[in-house]
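So you know, we letter chains A, B, ... as the sequences are listed, proteins then strands, and number each from 1.
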Amino acid sequence: MKEIKEHTISARQACVIIVMCIFANKILLLPSLMYEKSKADAIFAILILFALDLIVLPIFFKLKQLFPNEKLYNILSRKISPFLTKLIYLIFSAYFMFKALLVFSVTYVYFKQQIYQDEFLFLAIIAFIPVINHATAVGLRSFARSIELLFSIVLLGFIACLAFSLFTQLSMPIFFISNAKNFFTTIYEHTFAFGDYIFLFLIIDKIQIKKGQEKNFYFYSLLGMGLILALFFLFYSKYQITSFMHNNALADILVFSVQFNAIGRLDIIAMLTVMVITLFQLEIYNYAFSESFLSLFPKLNVYYSIAVFDILFAILYYIFIGKYEILVGSSDIWSPVPAIFINYIIPLICLIIILIELHLKKRKKKDQTYLSNKK
Amino acid sequence: MSYFNLKKKISEIKTTLNESSDFSYRCYKKNGQELGFVFLKSIIDQNLLSEAVFMPLQTFDEKITIKSLIHNIIKCADVKKIKEEDIIKEILDGRVVIITNFSKEIISIDLFKFPSRIPSEPPTSPVIQGPREGFVEDMQTNLTLLRRRLKTENLVFKTYKIGSQTQTKIVVAYLKGIANNKVVEQVVRKIKSIKTDGIVDSYYILSYLEERPNSLFKQIGNAEKPDIVTAKMLEGRVALIVDNSPIVLTVPFVLIEDLQNSNDYYTNHHYSSFVRVIRLLGLLIALVAPGIYLALQIYHYNILPLNFLITIADTTQGLPFTPFLEILFIFLLFQILYEVSLRLPSYLGLATSVVGALILGDTGVKAGLISPPGVIIVALSKIALYTIPEQASQVTILQIIFIILGGSLGLIGIVSGFVYFLNYLNELDSYGTPYLAPYSPRIPQDLKDAIFTSPVGDLKQRPKTFSPTKKERL
């Protein structure tokens with residue numbers, strides 16, 4: 001079987017991948033039960049989790065600087081232990097598999113309710129799976145370029161969705177009404193919808209970052225999050241109580257759009273935007289799974305990882321089929337621990353590695369100076 | 001001392017050429033010296049042969065030597081000595097071979113002539129403004145057309161002969177110091193590796209040059225006009241001129257190239273940008289209009305404006321076909337009519353149009369076989385297809401794929417198909433150049449001449465997309 005050659009991606013492409021993750025995670029995954037616990041204060045929970053995510057970025061840049069063109073797997077293997085690294089990568093594989101499953105489940109239910117009005121699981125699988133498999137097979141460079149190309153269109157679609165809501169009067173949400181316990185429980189339970197930058201760690205050796213391009217990552221992240229916040233406020237103005245963080249929030253995007261008699265309902269823009277975001281997100285997760293899987297089994301090629309992903313995806317979906325509540329509704333029960341491990345513990349481990357490496361370098365430099373002075 | 005037995009040698013040559021009826025020879029004797037002229041009369045200029053060779057030979061009174069033949073007697077520009085084993089090759093190239101009984105040296109004179117048309121405007125690339133000259137089948141004329149536009153010592157023509165039976169000349173043309181050397185080397189390597197019995201047209205070498213010959217998408221550019229090829233070579237691209245073909249191939253190729261037209265550079269750049277947007281729109285309509293119509297009609301009808309929905313419901317009621325089969329039926333009908341109109345003589349073409357448009361279309365609707373919205377959508381997509389005629393063949397295949405996706409999976413199918421092809425195209429390279437450049441990957445500098453274009457004077461740098469050796473246009 002032929003091996004697919006891998007290429008690097010530019011900083012801009014990495015940035016748009018991150019924005020796509022922010023969009024997908026916050027629009028597709030967050031409309032859970034977040035609002036129920038902490039009402040409008042959920043927005044502060046989002047901001048706190050987003051800030052925690054942002055802290056990870058400098059760790060990523062420093063790690064890339066210290067270990068240029070080196071895979072995270074090799075860094076961890078060398079610095080921690082090969083066994084622990086394998087364990088971490090096993091968790092990575094499961095993490096991305098479940099994220100893909102969640103995104104697929106949420107969008108499937110959305111499309112079923114709003115468009116197809118009937119079961120269409122078989123059709124959805126036929127439509128999505130070959131595309132995401134192909135994306136993984138052709139490699140990161142190809143789908144990163146596709147995301148880069150369609151990024152402006154997705155952004156336009158997103159802004160169009162926001163613009164339609166301007167037909168309604170804006171009003172400020174009522175904040176600070178939930179208690180501290182509910183607030184922090186919300187943060188804990190919804191960590192799974194964050195950790196967007198972890199994907200960057202997995203592809204650390206495949207990103208080309210030139211000097212000064214680091215700030216672009218912050219800019220794009222803030223742009224993505226800014227649009228999510230705008231959506232939150234505009235949704236709140238329209239629906240007051242529900243805001244966009246509830247079970248049927250995706251459905252609300254449709255109702256949100258205005259019926260224009262001459263050109264029909266413009267919710268097709270929202271539909272297409274959600275479809276494109278979903279596909280790209282699934283491509284990213286499938287690729288992330290493949291990266292983790294192939295690090296665990298370096299002798300296998302990408303087609304094996306695709307096959308394993310598809311089989312596991314089918315089995316898991318079969319188990320959870322028709323049990324949307326179990327999979328998505330209970331995600332606040334089963335997801336926090338692995339999410340916290342992946343989103344925060346892994347970067348923390350990286351930070352420790354960085355500190356040790358810096359310390360060693362400093363000591364080496366000191367020793368060299370001492371030796372040269374002695375001479 | 002005689003070196004050749006002329007009678008025997010000529011007989012040998014005749015046998016090697018299978019006693020072809022256009023084989024001809026003439027012997028000339030003077031003072032014991034014998035000269036044999038061997039040629040194929042179908043491909044040489046016989047008048048020139050008598051004027052430039054025989055007449056001076058008759059008036060030459062001194063002893064004939066090879067030296068005097070080359071320098072004093074023969075009045076032709078291209079005269080050369082050849083080896084004995086090259087005699088057949090030279091004759092087949094339209095040259096007259098001279099063998100003598102007084103020297104072992106053999107002379108070959110270029111008297112090649114074949115009917116060639118005058119460079120005229122190619123039917124596929126008409127322009128409102130700008131040059132109207134087009135390439136012809138004669139390679140020499142084509143090279144002249146390029147040389148006339150590129151008066152520089154950097155213009156390089158490298159000739160190769162390919163095809164065991166056709167011995168077709170292929171010229172690799174490029175501007176030294178501008179074209180990327182790696183691309184030139186790659187092209188030459190691929191040309192040299194061609195093993196075939198014949199190259200009939202430039203399209204014959206496409207599959208040898210393409211990096212993915214089985215791909216649906218074309219990976220080699222083509223042009224029928226010397227001004228287009230000149231502009232491409234100035235960008236750092238390499239041209240391939242094939243003898244007997246008016247189509248010149250160019251590499252590397254990018255998709256955006258087909259949205260551009262030579263006319264764009266001869267009109268106001270604002271208008272050119274507008275026209276390019278229209279072409280892109282045309283391409284998108286051609287690609288997905290029937291698929292989206294089907295998806296909306298079958299799955300997402302609530303999106304449609306109410307009046308339009310009522311019209312569709314009214315017109316599709318009672319049709320024997322499902323919406324999917326109806327669109328497929330109209331599509332195939334259109335394709336059959338298109339093929340017929342291409343093959344039929346022009347006077348019958350008009351009749352076919354009448355039969356197609358009036359009888360099949362109108363009567364089909366009245367008979368309740370097909371619906372007017374279906375006819376309009378397919379017709380619209382087929383007309384839009386010809387905003388970019390260069391892409392017509394592959395877009396036609398893609399139309400069918402999107403019809404199947406839209407009809408069976410709805411909008412999800414269309415979006416999935418679109419993303420799939422986008423990923424595929426992003427993986428495609430043409431001689432190291434990304435297929436969707438300069439948009440994907442984004443090359444900001446080259447966006448000056450992509451869909452939106454700047455005045456020609458502002459294009460001070462060659463497109464980075466093609467990695468030219470010399471970046472500045474000076």
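- Contacts between B/Tyr424 and chain A at a heavy-atom distance below 4.5 Å involve backbone atoms as well as side-chain atoms.
- In this view, B/Phe253 and B/Tyr435 satisfy the ring pair (Phe, Tyr, Trp, His ring centres under 6.0 Å) rule, not counting sequence neighbours.
- Ring planes of A/Phe199 and A/Tyr287: perpendicular class, angle over 60° (limits at 30 and 60°).
- Side-chain contact, B/Gln297 with B/Tyr301: no donor N or O sits under 3.5 Å from an acceptor N or O.
- For residues 437-445 of chain B, the interface with chain A (any heavy-atom pair closer than 4.5 Å) comprises B/Tyr439, B/Ser440, B/Pro441, B/Arg442, sorted by residue number.
- Neither the backbone nor the side chain of A/Ile132 comes within less than 4.5 Å of any heavy atom of chain B.
- Side chain to side chain, B/Ser381 and B/Tyr293 fail the donor-acceptor criterion of an N or O pair below 3.5 Å.
- Contacts between B/Leu436 and chain A at a heavy-atom distance below 4.5 Å involve the side chain alone, from C-beta outward.
- No side-chain donor from either of B/Ser371 and B/Thr315 sits under 3.5 Å from a side-chain acceptor of the other.
- Sorted by first and then second residue, the salt bridge (charged side-chain N to carboxylate O under 4.0 Å, His left out) pairs involving residues 144-154 of chain A (not counting sequence neighbours) are A/Arg12-A/Glu148.
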For a quick test of your reading: what N or O donor-acceptor pairs under 3.5 Å do the side chains of residues 407-417 of chain B make, sequence neighbours left out?
unit_1, atom_1, unit_2, atom_2, d
B/Ser408, OG, B/Ile404, O, 2.5
B/Ser416, OG, A/Ala127, O, 3.1
B/Ser416, OG, B/Ile412, O, 2.7

